[in-house]
Amino acid sequence: MTLYPFGMFDSIEYIGSNEMDDLILRAAAILAKAKYAVALTGAGTSTESGIPDFRGPKGVWTMNPDAERQAYRSYDRFLSDPKQWWMERLTGTSMISGLEKALPNPGHLALAELERVGVLKSVITQNIDGLHEKAGNKHLLEYHGSVNKLRCTSCNARFPRDAFDVAKLQREDKLPPLCPQCGGVVKTDSVAFGEPIPPDVARNSMVEAWRCDCMLICGTSAVVYPFASLPRIARQKEGVTIIEVNAVPTPLTEEGISDFIIRGKTGEILPRIVAEIKNSKSIPF
Ligand code: APR
């Protein structure tokens, strides 16, 4: 995972309500007609669930640049000493503690409803908070992993977070936890900076980006790769419409990768798109 610097705007700019209405109607019409629509999401979709994003005005990295520097060193520390890495996890304070208490907001619920009625074929998220799963999305690709899971770094097997009694392993001086299938070292499923994206998720996400005829991109600054390459893959094909729903423009907007952006909050805009599709009666709900 690599970061490309891009100046961030620091205010949510609302567009005129008529223009917003028009764009929401346009997005609803395109999604209702799409044969294979997919959604891509980032931390912006979870801010209305009380989870800060990373690069917005109150983002985790914006507020604490040192934490970002620390995060850049995490994977190297894991590779050099997985036992110590786990010890730090068990004793230190974690940035992600409390995520499991968060609840989906209307934006998450709207995306789950769009999948339930067949408009969305999949959701590919950078978020590790598990809120899309909680909202009911089934065909979900967690590109940066999930706080609810552990993963073998050799065979890629996933395990529920409490599958290993790590406190007991620590007492018995048997950290790190080892994979029961291949004996590989197990780590948290969340993908650290510099860590390769798990091959199954990377491959399936690429396939979805190739297959889609509509891509709905929600709440991401689109500056982190390789995730940010997915819209560019979709852009290479004929007849694809790429729609952004984000508080501020992104490189996808600036470079014309997206066809249009609806600027505002995902928790407000996505439910309105669902409502317009319902009104159109073109999709049975
Ligand atoms: N509705 C719409 N957009 C929002 C909202 C909201 N409620 N809240 C914030 N935003 C916008 C911000 O303005 C910003 O453009 O969402 C974007 C979030 O961008 P980032 O904070 O960069 O988050 P993300 O794109 O998901 O980051 C990618 O970087 O740090 C790593 O692993 C981390 O998965 C993460 C990756």
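Ligands are counted one by one from 1 in listed order, and the atoms in each one are counted from 1 as well.
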### Task
Inspect the surroundings of NZ in Lys174 and state if more than 12 heavy atoms from other residues, nucleotides or ligands are less than 6.0 Å away.
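For Lys174, atom NZ is not crowded (no more than 12 foreign heavy atoms under 6.0 Å).
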### Query
Hey, is Gly264 one of the residues with a heavy atom under 4.0 angstrom from ligand 1?
yes
### Message
Taking a cutoff of less than 4.0 Å between a non-hydrogen atom of the residue and any ligand atom, is Gly219 in contact with ligand 1?
### Response
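Heavy atoms of Gly219 do come under 4.0 Å of ligand 1.
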Which of the listed options, [options], holds the heavy atom that is closest to [atom]?
atom                    : options               : answer
atom 33 (C) of ligand 1 : Phe54, Tyr225, Tyr143 : Phe54
atom 19 (O) of ligand 1 : Ala222, Ala43, Ser221 : Ser221
atom 34 (O) of ligand 1 : His144, Glu68, Lys58  : His144

Is [X] in polar range of ligand 1, meaning some N or O pair under 3.5 Å apart?
X      : result
Val223 : no
Gly44  : yes
Lys265 : no
Asn246 : yes

Which of the numbered atoms in ligand 1 are under 4.0 angstrom from any heavy atom belonging to [X]?
X      : value
Val248 : 13 (O), 15 (O)
Trp61  : 30 (O)
Gly42  : 26 (O)
Phe193 : 30 (O), 31 (C)

I'd like to know if the side chain of [X] pairs up with that of [Y] as donor and acceptor (distance under 3.5 Å, no hydrogens or angles considered).
X      : Y      : result
Asp129 : Ser46  : yes
Ser190 : His144 : no
Glu244 : Thr253 : yes

Would [X] and [Y] pass as an ion pair if we require N to O under 4.0 Å?
X      : Y      : result
Lys138 : Glu133 : no
Asp213 : Lys121 : no
Glu172 : Lys168 : yes

### Task
Go through Asn246 and Thr220 one step at a time and tell me if the side chain to side chain donor-acceptor pair (under 3.5 Å) criterion holds.
CA-CA 7 Å; Asn246 204 56; Thr220 178; over 6 Å; no
### Task
Find out whether the Lys NZ or Arg CZ of Arg151 is both under 6.0 angstrom from the six-membered ring centre of Phe159 and within 45° of the ring's axis.
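Because its charged atom misses either the 6.0 Å distance or the 45° angle limit, Arg151 does not stack over Phe159.
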Report the part of [X] in contact with ligand 1, treating N, CA, C, O as backbone and CB onward as side chain, heavy atoms under 4.0 Å; options are side chain, backbone, both, neither.
X      : answer
Gln126 : both
Thr220 : both
Arg55  : both

### Query
Looking only at heavy atoms, what is the nearest atom pair of Asp189 and Gly145, with distance?
OD2-CA, 3.3 Å
